[in-house]
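Only heavy atoms go into these numbers, but all of them, side chains included; no hydrogens, no water, no symmetry mates.
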Amino acid sequence: MIIEFRCEREYARRWMDRRTLSVDGRDVPVQVAWTATAESRPAGLDALFELERLVLHKGKHSSADRLTIGSEPARASVGTADVIVDFTSAPRDPASPARLYLRPLFNGVAGENAALAAILAGDLPVIEIVNEIDGSVLDRGHPSGEIAAGLSGGLETIMARTLTMLAAILSGRPRIVPQLPHPAGIGSRRGAVGHVARGLAVSIAKEIYRLCCYAPHWHIGWRFNDGAGVWQTGDLSGPGWNVLRDPGNHFYADPFPVTWQGRTFVFFEDLDHRVGKGIISAIEFADAGPVGEVMPVLEEPCHLSYPFVIEDDGELWMIPESSTRGDVALYKCVRFPDKWERYATLLSGLELADVTITRHNGLYYLFGAWRDGTAGYSDSLAIYHADRLLGPWLPHASNPVLIDRASTRPAGNFVTLDNKLWRPVQDCTDGYGAALALAEVVELSPTAFKQIVRHALKPGPAWPGRKLHTLNRCGRLELIDGSRVQPKTSLFASAIPSAVSPARTNPSAAG
């Protein structure tokens, strides 16, 4: 197979300068056909991108930077293209012999200007890959902008996830095409200069915030609930939420509760801001709340978080997130609750965040937020299945099964209610960990997946703060987490005493 990218010579970018595209681990040859300009770009765009590189990206180059090709010798064609991917807005050549002619659309419109327009309107676009021969939509996704700084960062994220989708289509795996509405424009469209200025202002504000406060600072909310909980009501109403006390220079996140050997413990990510690396800690809960002190239970050289806990075959196991290490590791509890030993590697050679497992129709299914080394961390869902916990784990026929920042990343344990399977998901539309959603899994097999988001949960009067990130329950004990303002010094703490209060939450207790 030979792939041909059709791109505008005058607006060549670094991401276009490639000789291969990785498709299922195979390097498929890519040749570039440079075409005439179909549409002009906003005036001064190159200067603005260079300003962003210096100011927002701290001098680092990105794949959105301009590529100078005028003085270079033309690269020889690999051969006649089997697949053409047209990144321009020009009409398709009806005489093209390619068996497949693909056109990326951004909010339904072709060309880089459409992607830029979406960013300038305040959001990243829905990406669609269309077969121009018959007009069918072969894949659809909505990328997350958690690492997309500025106009150039937004464009880089969009094109990176477009390549992800193209590789999935060209793999020959069946695609599950979700229905994703195009985002409505928010307010008036900003000019390019204004967008960069806003990006710079936001970056400055974030730096000032980081100088004065630990950021982000997650905290865990808990309550005992004898009645209907979040899963039944679809909201955070009910008994008031309490905040698990933390020392201030640590944050606590990703709470996973379990009752084992007659005792209930909550395991969670424990990150020391001064070190910047997470470990797994735990605290016991009794009938009146937490008892004793927080204890560290698992530490590795790499960052650990999201300590998913599962009982299987009479043993207790944990899968903490270790995506920076590039594997999915299984730990066995050899002494409850404080001694865990690495037992097996379930998957390796991939970035998979927040791994969560459920049993369904006789199989084990492993869900995780997958990243192919580019773009955001929270918009692509990969599923694996196995006959037993120890594997072997096989990929779902349509991996990645979903690309959608609003309903992909796991946010806690699966739940079965009235014989229906549900999963909490992170809604990263407004940023990483900004909100939760409750999705019903209506179809799940090694070859199929479909979920429907039934409820959206956002911070509010019942749980004040800027974030809502994880949801779990064990018996009467319900747990969530969110973020708050956490000053770095006692001076700030004394000036804003409510920001560090470990007591029952109120509107001023979370940021």
Legend entry - Main-chain N/O of D272 paired with N249 side-chain donor or acceptor, under 3.5 Å: no
Inset, instruction - Please report the closest heavy-atom contact between S380 and T408, naming both atoms and the distance. - result: C-CG2, 3.3 Å
Inset, instruction - Keeping the roles fixed (side chain from K467, backbone from Y432), state whether a donor-acceptor pair exists under 3.5 Å. - result: yes
Inset, instruction - Would you name the heavy atoms of L347 and L350 that are closest together and state the gap between them? - result: CB-CD2, 3.8 Å
Legend entry - E52 side chain vs S152 backbone, donor-acceptor pair below 3.5 Å: yes
Inset, instruction - Can you measure from CG (L421) to OG1 (T358) and round to the nearest 0.5 angstrom? - result: 5.0 Å
Inset, instruction - Kindly write out the residues that satisfy salt bridge (Lys or Arg N to Asp or Glu O under 4.0 Å) with D65, not counting sequence neighbours, or none if the list is empty. - result: none
Legend entry - Set of residues satisfying side chain to side chain donor-acceptor pair (under 3.5 Å) with respect to R173, sequence neighbours excluded: D24, S171
Inset, instruction - For residues L471 and P424, report the shortest heavy-atom separation together with the two atoms involved. - result: O-CG, 4.2 Å
Output a table of donor-acceptor pairs, distance under 3.5 Å, between side-chain atoms of residues 143-151 and any protein atom two or more places apart or on a different chain; print 'none' if there are none.
{"residue": "S144", "atom": "OG", "partner": "E146", "partner atom": "OE2", "Å": "3.3"}
{"residue": "S144", "atom": "OG", "partner": "D379", "partner atom": "OD2", "Å": "3.4"}
{"residue": "E146", "atom": "OE1", "partner": "S378", "partner atom": "OG", "Å": "3.2"}
{"residue": "E146", "atom": "OE2", "partner": "Y377", "partner atom": "N", "Å": "2.3"}
{"residue": "E146", "atom": "OE2", "partner": "S378", "partner atom": "N", "Å": "2.9"}
{"residue": "E146", "atom": "OE2", "partner": "S378", "partner atom": "OG", "Å": "3.2"}

Legend entry - From CH2 (W317) to CG (L330), nearest 0.5 Å: 5.5 Å
Legend entry - Check: R175 side chain, P400 main-chain N or O, donor-acceptor pair, under 3.5 Å: yes
Inset, instruction - Begin from the C-alpha positions of R409 and E321 and carry the test salt bridge (Lys or Arg N to Asp or Glu O under 4.0 Å) through to its verdict. - result: CA-CA 13 Å; R409 188 161 181 157; E321 183 197 317; 3.7 Å; yes
Inset, instruction - Measure from the side-chain N and O atoms of R140 to the backbone N and O of P178, and report whether any donor-acceptor pair falls under 3.5 Å. - result: yes
Inset, instruction - Could you tell me the separation between the CZ atom of R66 and the CD atom of E50, rounded to the nearest 0.5 Å? - result: 12.0 Å
Legend entry - Axial cation check for Y11 ring with R41, 6.0 Å and 45° limits: yes
Legend entry - W218: which of H250, H469, H273 passes ring pair (Phe, Tyr, Trp, His ring centres under 6.0 Å): H469
Inset, instruction - Check I133 against A98 and note the closest heavy-atom contact, atom names and distance. - result: CD1-O, 4.2 Å
Legend entry - Ring-ring centroid check F367 F414, cutoff 6.0 Å: yes
Inset, instruction - Check whether any side-chain N or O of D481 sits under 3.5 Å from a backbone N or O of D254 as a donor-acceptor pair, and report yes or no. - result: yes
Inset, instruction - Apply salt bridge (Lys or Arg N to Asp or Glu O under 4.0 Å) to E300 and R342, showing your working. - result: CA-CA 10 Å; E300 295 281 20; R342 181 164 178 152; 5.3 Å; no
Legend entry - R371 side chain to A375 backbone, donor-acceptor under 3.5 Å: yes
Legend entry - side chain to side chain donor-acceptor pair (under 3.5 Å) involving T374 - partner list, sequence neighbours excluded: D372
Legend entry - Side chains of Y306 and T470, donor plus acceptor under 3.5 Å: no
Inset, instruction - State, to 0.1 Å, how close A434 and P459 come at their nearest heavy-atom pair, and which atoms those are. - result: O-CD, 3.6 Å
Could you pull out every donor-acceptor pair under 3.5 Å between side chains of residues 87-95 and any protein atom, sequence neighbours left out?
{"residue": "T88", "atom": "OG1", "partner": "D86", "partner atom": "OD1", "Å": "2.6"}
{"residue": "T88", "atom": "OG1", "partner": "A90", "partner atom": "N", "Å": "3.1"}
{"residue": "D93", "atom": "OD1", "partner": "A95", "partner atom": "N", "Å": "3.0"}

Inset, instruction - Using the test side chain to side chain contact (heavy atoms under 4.5 Å, CB included), find all partners of E443 that sit at least two apart in sequence or belong to another chain. - result: A448, K450
Inset, instruction - Specify the closest pair of heavy atoms between G154 and I119, including all atoms of both residues, with the distance to one decimal. - result: C-CD1, 3.5 Å
Legend entry - Any donor-acceptor N/O pair, H142 side chain to H182 backbone, under 3.5 Å: no
Legend entry - Sidechain-backbone polar pair: H303 side chain, K277 backbone, donor-acceptor under 3.5 Å: no
Inset, instruction - Using atom types as modelled and distance alone, determine if a side-chain donor or acceptor of E156 lies under 3.5 Å from a backbone N or O of S63. - result: yes
